[in-house]
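Contents: one structure, followed by commentary.
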Amino acid sequence: MTRASALLGLLVAVGCAGQSHSDGPHLSDVPFIHGPAIAWTDDPSHGYRVELTVALQRNLIAQDDLAFVVRVGADEVGRYPITKGVIGTTIHQKIEQLPIGDYTVELEYNHTRFAGEPFRIAVVPEWGGTKNLHLFRHHGTRISLAEKKLWVLRWWANDSPTLPWIVEWRHEGTSVTKTTGRERKWAVADSNEIVKYAMQPAARRSIWQLGEEYTVPEQVAKMPGSWEARVVHAGAPPVSVGFTVMPNGTIGEADPLLVGTADGWSHTWSQVLPLRPLAAEDIVELESRLPMVAGAQHLDEGPIELTPNAVRALFRSKNLADQWSKFLGGSRELRGQVEKMIKAQGAPWKPDEFPKS
């Protein structure tokens, strides 16, 4: 290689590093505006269904080979061709009673795959000791440098307001930076409102959450090589996620699905990444740095303190949930009953209490 060609190669590499670019078609090159979206209907009288939708930005023509495709892992479990449609319309596809589990949904257009919203159907415990089917949208455990997001797929119980978290970002075994924060606030102001809110038909009626989302620091895309994100989230086991950043600032384990970006359709998602347990010696230092005050939510707790034990007891006991308002405003005798129920039913979550998917 000549010195001139080597210099040219270096300039090209530097020019590409960190740039946002598309390695797929432009947004205007496909007949649809975005990947397929998911809607969920859960009607006890008629069962439940998933509905896929996609909006068209031009008329479909005979040569278009367009279809909704539903997969479980690498296996295709449903294909629904879209044979006609005009600009400005939304195509709907109903799917009746899928089994519980994880699904990816995509559009296949001329043998190319475009990402939609992955989702999970699960049997989830609800307030008052009941259970019901729920749909959760999720990305899986993966990272996107273009969107600057790390997604971690696992269950956690939102049994305390604004749970704190910390992520340590390590490059080639060396700590580079740490990011911290808290989960979203509860939509309640005091311990009486928590049950009123949870029992509303429009509410999810569960404190079980699926998945976490963390912002990826700027340094990550600028430093090629092996990375590890160590995640400590209150209420969930500490875990580690490994991934690779390429010299041009893209992800090394790219998923075959094309994802819509401002520059066009591109392979910006990583493949689904394995979650690894974090070693005990790595947990202690991170847990000591969890944000314990900043951003915390302060509730007007009233005569009964809304501890995680109290929330878990409320969640498990229909009797306690039904009578909560009476107990809060009642006599010392009723307060004693509440405290006994909290003590009896406020223990940590057991494996058989987790959602089933």
* **Linked, directly or transitively: V105 and L107 (ILVMFWY side chains, under 4.5 Å)** => yes
* Asked: Quick one: are the ring centres of W40 and F119 less than 6.0 Å apart?
  -> no
* Does the pair E168/R289 count as a salt bridge with the N-to-O cut at 4.0 Å? -> no
* To do: Step through the shown structure and confirm whether more than 12 heavy atoms of other residues, nucleotides or ligands are within 6.0 Å of NZ on K350.
  => no
* To do: Name the orientation class of the two ring planes belonging to W227 and F243 (parallel below 30°, tilted from 30 to 60°, perpendicular beyond 60°).
  => parallel
* D255 to S270 - nearest heavy-atom pair and separation -> CB-O, 3.5 Å
* Output all residues satisfying salt bridge (Lys or Arg N to Asp or Glu O under 4.0 Å) with E117, sequence neighbours left out; order by chain, then residue number. => R137
* Asked: Does the E172 side chain pair with the main chain of S226, one donor and one acceptor, at a distance under 3.5 Å?
  -> yes
* Asked: In Å and rounded to the nearest 0.5 Å, what is the CD1 to CG distance from I91 to L56?
  -> 4.5 Å
* Worked check of side chain to side chain donor-acceptor pair (under 3.5 Å) between H139 and E213 -> CA-CA 9 Å; H139 287 77; E213 179 181 292; 5.5 Å; no
* Within-4.5 Å side-chain heavy-atom neighbours: V70 and L52 -> yes
* To do: Would you indicate whether the side-chain heavy atoms of L66 and F32 approach each other to under 4.5 Å?
  => yes
* Over all heavy atoms of both residues, which pair between R71 and E108 is shortest? Give the atoms and the distance, please. => NH2-OE1, 4.1 Å
* Report the C-alpha distance between K149 and T215 in whole Å, list the side-chain angles of each, state the deciding distance to 0.1 Å, and finish with yes or no for side-chain contact (heavy atoms from CB on, under 4.5 Å). => CA-CA 5 Å; K149 296 293 182 184; T215 299; 3.6 Å; yes
* To do: Group every Ile, Leu, Val, Met, Phe, Trp and Tyr by side-chain heavy-atom contacts under 4.5 Å, then state whether I38 and F68 land in the same group.
  => yes
* To do: To the nearest 0.5 Å, tell me how far N248 CG sits from D23 CG.
  => 9.5 Å
* To do: Decide yes or no on side-chain contact (heavy atoms from CB on, under 4.5 Å) for R120 and W155, but give the supporting numbers first.
  => CA-CA 12 Å; R120 173 179 290 186; W155 295 108; 3.2 Å; yes
* **Considering all heavy atoms, the nearest P308-S160 contact** => CG-CB, 4.0 Å
* Asked: So H171 and Q219, side-chain contact (heavy atoms from CB on, under 4.5 Å) or not? Walk me through it.
  -> CA-CA 10 Å; H171 177 255; Q219 299 99 308; over 6 Å; no
* Looking at side-chain heavy atoms only, is the closest gap between W265 and L27 below 4.5 Å? -> yes
* Asked: Is the Y109 ring parallel, tilted or perpendicular to the F114 ring (thresholds 30°, 60°)?
  -> tilted
* Check: L153 and L210 side chains under 4.5 Å, non-hydrogen atoms -> yes
* To do: Indicate, with yes or no, if the rings of W349 and F315 have centres closer together than 6.0 Å.
  => yes
* Asked: T179 and W165: which non-hydrogen atoms are nearest, and at how many Å?
  -> O-CZ3, 3.5 Å
* **Atom pair CD1/CD of I87 and Q57 - distance to nearest 0.5 Å** => 7.5 Å
* I166-W169 co-clustered via ILVMFWY side chain contacts under 4.5 Å -> no
* Asked: Going by atom types alone, do H134 and E126 pair a side-chain donor with an acceptor below 3.5 Å?
  -> yes
* Asked: Looking at CG of L278 and CD1 of I283, how far apart are the two atoms once the value is rounded to the nearest 0.5 Å?
  -> 5.0 Å
* Audit row: T41, E51, side-chain contact (heavy atoms from CB on, under 4.5 Å) steps and yes/no -> CA-CA 8 Å; T41 300; E51 185 175 62; 5.9 Å; no
* Structure fact -> Sequence neighbours excluded, the answer for side-chain hydrogen bond (donor to acceptor under 3.5 Å, both in side chains) partners of S144 is E147
* **Minimal non-hydrogen separation, P25 against V30, with atom names** => CG-CG1, 4.2 Å
* Inspect the contact between R170 and D282 and indicate whether a charged nitrogen and a carboxylate oxygen are less than 4.0 angstrom apart. => no
* Asked: When you measure from the side chain of S206 to the backbone N and O of P125, does any donor-acceptor pair fall under 3.5 Å?
  -> yes
* Going by atom types alone, do T244 and E253 pair a side-chain donor with an acceptor below 3.5 Å? -> yes
* Looking only at side chains, do T307 and N309 share a donor and an acceptor under 3.5 Å apart? -> no
* Structure fact -> Heavy-atom nearest pair, P224 first then P247, reads CG-CA, 3.7 Å
* Asked: Are V220 and V167 in one and the same hydrophobic cluster, where Ile, Leu, Val, Met, Phe, Trp and Tyr link if side-chain heavy atoms are under 4.5 Å apart?
  -> yes
* Asked: With side chains defined as the heavy atoms from C-beta onward, is the minimum distance between R184 and N158 less than 4.5 Å?
  -> no
* Asked: Take atom NE2 in H26; do more than 12 heavy atoms of anything else shown fall under 6.0 Å from it?
  -> no
* Spacing of CZ belonging to F136 relative to CG belonging to D102, to within rounding of 0.5 Å -> 11.5 Å
* To do: Return the orientation label for the F354 and W208 ring planes: parallel under 30°, perpendicular over 60°, tilted otherwise.
  => tilted
* Is the CZ atom of R79 crowded by more than 12 outside heavy atoms at less than 6.0 Å? -> yes
* Should Q209 and L163 count as side-chain neighbours, where that means a heavy-atom distance under 4.5 Å? -> no
* Check: G346 main-chain N/O paired with R312 side-chain donor or acceptor under 3.5 Å -> yes
* Asked: Tell me, do K178 and L286 make a side-chain contact under 4.5 Å, heavy atoms counted?
  -> yes
* Asked: CG/L314 to CG/N319 distance, rounded to the nearest 0.5 angstrom?
  -> 11.0 Å
* Asked: Do the non-hydrogen side-chain atoms of V54 and I82 ever get within less than 4.5 Å of each other?
  -> yes
* Any chain of hydrophobic side-chain contacts (each under 4.5 Å) joining V216 to V176? -> yes
